[in-house]
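From a predicted model like this one, the values you see are computed outputs, not experimental measurements. Counting begins at 1 with the first residue of the sequence.
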Amino acid sequence: MLDPSPEDDGTSPAISTPRFVGRDRELTALRGALARPPAIVLVEGEAGIGKSRLLREWSAAPDQRTALVSVCPPLRESLTLGPIVDAFHGIERPVPRLPLTELAGALRPLFPEWSSDLPPVLPPLDDAKAARHRLFRALDELLRALRVDVLVLEDAQWADEVTLEFLLFVLSRQQSDGPSLVISYRPEEVDDGSLLLRLTSRLPAGVTQLRIALAPLRPDDTAALVSSMLDGNPISREFTTFLHERTGGVPLAVEESVRLMCDRADLVFRDGQWVRLKLRELRVPPTVRDSTRERVSRLSPAAQQVLRAAATLAERSSVATIAMTADLSPAVCRGAVAEAAGAGVLDGDDRDRWRFRHVLAATAVYEAIPLTDRRHLHLLAGRALEHLRPPPVARLAHHFREARETRSWARYAEQGAELAMASGDHTKAVDLLVDLLSWTVLPPADRARVARIAGVAALGRREPVDEVYHRVIRTLRSVLATPGLSARQLAEIRNPLGRLLITGGEAQAALSELEQAVANLDHDPVEAARAMTYLGWAYAGPWPASTHRRWLDRAAELTAQIDSPAQRLNLAGNRAAALLMLGEEEAWDVVAGLPVDGTTTAERLDVARIHVNIGTGALIWGRYADAEQHLDVALRLAEAEQASRLQHNVRLEQANLAWNTGRWDGLAETSTVLADADRDRPAHYLGSIRLAARLAATAGRRRAAEEQFRLVLEESARLGAVDDTMEAAAALARLWLTDGNSRRALRVTDEPMDTVRRKGIWVWATDLVPARVEALLAAGDLTGATRLVGRFARGLRGRTAPAPRAALAVCRALLLAAAGDHSRAATAYDRAARAWSALPRPYDAMRARERQAEALLAQGRTEPGLLDQGRELLSAQYEQLFRLGARGDADRVAQRLREHGAEVPRLWRGGRRGYGDQLSPRELDVVQLVVAGKTNRQISRILAKSAATVDQQLRAAMRKLKVSSRTALAVKAVEAGVFAEEDPLDGAS
């Protein structure tokens, strides 16, 4: 960089569009992938890195393909399916010539200008997901009818969820004749929960796949790019180094910086190359923002106003729309647009719509607008967009929101939410409505209506329990405090709020909201019956089973008056599941008549939810064959409808079933996967932790098991999920009883036991009552234990609940053993073991057999002939527990065997098996390399082992082959033929 001198010829550079440099390899790869359709090409990179330029270079190549190009605008609330719709709008009325089926009638709301050419509108669907699926099929049909070879979506990080779901839909249907997909995006701007991650991480088999990650330009490419802008003449090395360091090699930053320097006459041509002058008053901007603002300031006031308007509009807009936003006449605006385009700031398309060439430039201009001016520009933008047909409601809501024009904002936010819900994008609807409720002061009636719609939209979301979920709950609670709301309005808000609180883990609060809502839902019998059914679930609250039963009976009376078969099915199925939770035998009669499929998406999802709830109830009852059948139905339907949250529910219950039935292989990994997937849903997350705690306890990892069971117990109690406290309390009691701490065991079971007594739901007590009885007996309270067993028996009377009944058999055996009647105790334990085995529940059966063996051993003190029988039975349980995976229990039994003078069977405990006088695989590797002439140090490096390990294995091999030197070892190994002829390890050095 030099100071001006008399030798400078004063030539000012003529700026040209930069040549395409540094991306030849990527362009070749892109063309190659798209030449092998169907293909999916992902182009990723930071802002300004050249993604759009790469795609423009590809599309400029002459060939016979048909490409549909769409760009996602950086709107705060992007229009549902807006990018896809805009792409089709670029086609010159092709519809009359296309062979479209009646399905294309679903496209009328998106393409009103084609209404006369599209098939008749289709009847509306009650289920938003089904409507969305039909719309996706119609768009896919249009793509294929147009013979689109490649669908391009640029800036996918700003795409709305429904657009991304459509791309997933297209991806799932890619066949040999399907369109290829090209998707560009900025990885750093993709949210963790975005569907774009699923799109980019689960690429299908059989489809050509290419991921292009654009990196910054190298210094030589930076120099070539700048040179191409400056008449093709070279630039100095100092200038190249300076520019590359300041821009990081990002093409956009390089281009914008060069334009700025040219605008300021900061470049001169000297000695055959371009150099930059050292001007004290000018600091070269380090970012595109600085360079853009500097360049914009040099344009005319009208051009600057046009750029502020274009930055506010944020996506391609006509001259008329820009003129209204800029408050300029069309003629002045057109001249200003031409000036901005000539300066390389604006870019037009073939429909005379304009936007910034680079989003970063638009951002820089927008952020420089004073806040008061910005609001006014948004107001003008909203009024300009109101002239469009159909009106872009999401954009209108955005602009009137930023303008603080409450009435218009509210109107378009509601319209945008309705459109989003109709397309299945419930999250977008929630965002629009919650923003409206959070930042405006609406009249009470409007506030109540918007809150009700927001609650319903939130219930329709398929996403996990995330910040959006909790934000809805906070917002609905704040709306309930609005003065002037009627009882009916409050009920219509409390109803969805209560259901959201259930999923969010606030069971007690949920019941409170639903109970208040039911009293004022007479105008809506379906919602009233649904709320009553939720109140009939016995998972929380202080109510006895009779109160929950009354709610279910009231729901049944209302259900009989409902005309819709789908609604009746939903309510009847949920009522059956709720009855199972109450331990009501009649539930099984309703279950027997439930369908196993549905005709629509909504019905299939309803049937799936019902069957997973029935499966959960069957697990509690111990009807494991029934549980497996219902969970299989639920998983089949959930997978068919791609309902991920529901799939997690089913898989958790299937894991619980596997635990109970002794299928423990892989359960540790399953519990980890489930816990990671369900961290946002407290009840399900705790279910995964409970599974991990069971495995830890049986494996003898006492500390981990205790910590995990305590977490489950404490969090379940805090959330109000009282049914989930039973097993955790029982497990902790058993752990503490092994320490001889009966007082602590009684204390931890006090509250869960009170809950069972208060509610009168004894099917919940399969694990709890035996643990409580043991604790009472250990504390010397035989009377209390006997009384509890009697109540347990009465509570199970008339119920075909195999698991609680097997637990009752264990309790009766415990009483006999405590009374010293070891003969009858052994018989009772045998009866309990048979009951457990019939379920099957092998782990509990083994524990009952262990107790039976102890009873026989105790009886053997007076009848010596029973000692051998007891030892033999105890030894068998040791082997069975060991092979099941209950190593902690097996170790306890082994200790008891030793105490009784019995031999403990030797079982392989994993790890390295013995090889006797044969060489192990590791020893063979070492000997093979010795034969190849390698030293110990070389062997150590080749096998990535320590020198000590190699020496140890070498000595073991010499001992087994009965030699005393390396040479003798090599000879003996070859003579013995311990290797194959080939020596694959020899080349490893």
Side-chain angles (χ1 to χ4, degrees), residues 126-128 414 417-418 421 426 429-430 433 437 443-461 472-473 475-504 506-541 543 546-579 602 606 609-610 613 720:
D126 293 334
D127 179 52
E414 288 194 60
E418 289 173 7
M421 291 171 68
H426 288 75
V430 169
L433 298 175
L437 291 168
D446 294 341
R447 189 165 171 79
R449 183 186 66 256
V450 172
R452 176 181 58 79
I453 299 171
V456 172
L459 289 173
R461 293 179 74 233
V472 176
I473 290 175
T475 302
L476 296 184
R477 281 173 161 163
S478 70
V479 173
L480 289 174
T482 303
L485 297 185
S486 68
R488 172 173 169 173
Q489 289 168 334
L490 291 170
E492 289 177 337
I493 298 170
R494 284 196 165 100
N495 184 30
L497 173 58
R499 293 162 61 186
L500 290 169
L501 289 170
I502 291 172
T503 305
E506 298 185 51
Q508 187 62 51
L511 292 184
S512 174
E513 297 293 352
L514 290 169
E515 188 177 15
Q516 294 179 74
V518 164
N520 294 285
L521 287 175
D522 295 343
H523 61 286
D524 192 340
V526 171
E527 286 304 313
R530 185 170 286 123
M532 291 174 185
T533 303
Y534 278 109
L535 290 168
W537 282 87
Y539 52 82
W543 299 334
S546 57
T547 301
H548 293 290
R549 179 59 192 263
R550 281 197 295 273
W551 283 116
L552 293 175
D553 291 343
R554 287 182 60 184
E557 293 172 4
L558 275 180
T559 301
Q561 305 170 23
I562 295 171
D563 295 330
S564 169
Q567 297 288 6
R568 288 201 304 273
L569 167 65
N570 174 277
L571 291 166
N574 286 327
R575 179 174 182 272
L579 287 171
D606 264 349
R609 292 186 190 98
I610 290 168
N613 287 334

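The two residues W551 and M532 have their closest heavy-atom pair at CB-O, 3.5 Å. When every heavy atom of L476 is checked against every heavy atom of A451, the shortest pair comes out as CD2-O, 3.3 Å. Nearest heavy atoms, A429 versus A457: CB-CB, 4.1 Å. A578 and G536 make their closest contact through CB-O, 4.1 Å (heavy atoms, listed as atom of the first residue, atom of the second, distance). Here the closest non-hydrogen pair linking A528 and V518 is O-CG2, 4.4 Å. The two residues A491 and A517 make their nearest non-hydrogen contact at CB-O, 3.5 Å.
In this structure, L552 CG and Y534 OH are separated by 13.0 Å, a value rounded to the nearest 0.5 Å. Atom-to-atom distance recorded for T482:OG1 and D446:CG is 11.5 Å, nearest 0.5 angstrom. How far CG of L569 is from CD1 of I562: 12.0 Å, rounded to the nearest 0.5 Å. With rounding to the nearest 0.5 angstrom, the CZ atom of R530 is 9.5 Å from the OG1 atom of T559.
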Please walk me through it: do I453 and M421 pass side chain to side chain contact (heavy atoms under 4.5 Å, CB included)?
CA-CA 10 Å; I453 299 171; M421 291 171 68; 4.1 Å; yes
For R461 and V472, run side chain to side chain contact (heavy atoms under 4.5 Å, CB included): C-alpha distance rounded to whole Å, both residues' side-chain angles, the deciding distance at 0.1 Å, then the answer.
CA-CA 12 Å; R461 293 179 74 233; V472 176; 5.9 Å; no
One pair to check against side chain to side chain contact (heavy atoms under 4.5 Å, CB included): D553 and R575. What are the steps and the verdict?
CA-CA 9 Å; D553 291 343; R575 179 174 182 272; 3.2 Å; yes
Determine, stepwise, if the pair D524 / N495 fulfils side chain to side chain contact (heavy atoms under 4.5 Å, CB included).
CA-CA 11 Å; D524 192 340; N495 184 30; over 6 Å; no
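The pair R499-E527 meets the salt-bridge criterion, with a side-chain N (NZ, NE, NH1 or NH2) lying under 4.0 Å from an Asp/Glu carboxylate O.
In terms of the side-chain hydrogen bond (donor to acceptor under 3.5 Å, both in side chains) criterion, S478 has no residue partners (sequence neighbours excluded). In this structure R568 satisfies the salt bridge (Lys or Arg N to Asp or Glu O under 4.0 Å) test with no other residue, sequence neighbours excluded. Looking at residues two or more places apart in sequence or on another chain, you find a side-chain hydrogen bond (donor to acceptor under 3.5 Å, both in side chains) between N570 and N574, D606.
Remark: the backbone N or O of A458 is not paired with any side-chain donor or acceptor of H426 at under 3.5 angstrom.
In summary, the side chains of R452 and Q489 do not present any donor paired with an acceptor at a separation below 3.5 Å, with no hydrogens or angles considered. Between the side chains of T547 and R550, at least one donor N or O lies within less than 3.5 Å of an accepting N or O.
Contact of the L558 side chain with the L571 side chain is not registered, since no non-hydrogen atoms from C-beta on lie closer than 4.5 Å. Residues L490 and N520 have side chains not in contact (no heavy-atom distance under 4.5 Å, counting atoms from C-beta outward). Within the 4.5 Å cutoff, the side chain of L535 has no heavy atoms near those of the R554 side chain. With a 4.5 Å cut-off on side-chain heavy atoms, I502 and L514 count as touching. Between L497 and L480, the closest side-chain pair of non-hydrogen atoms falls below 4.5 Å. Considering only heavy atoms from C-beta on, H523 comes within 4.5 Å of L521 through its side chain.
Residue L501 is tested with Q508, E506, R494 for a side-chain contact (heavy atoms from CB on, under 4.5 Å); the sole match is E506.
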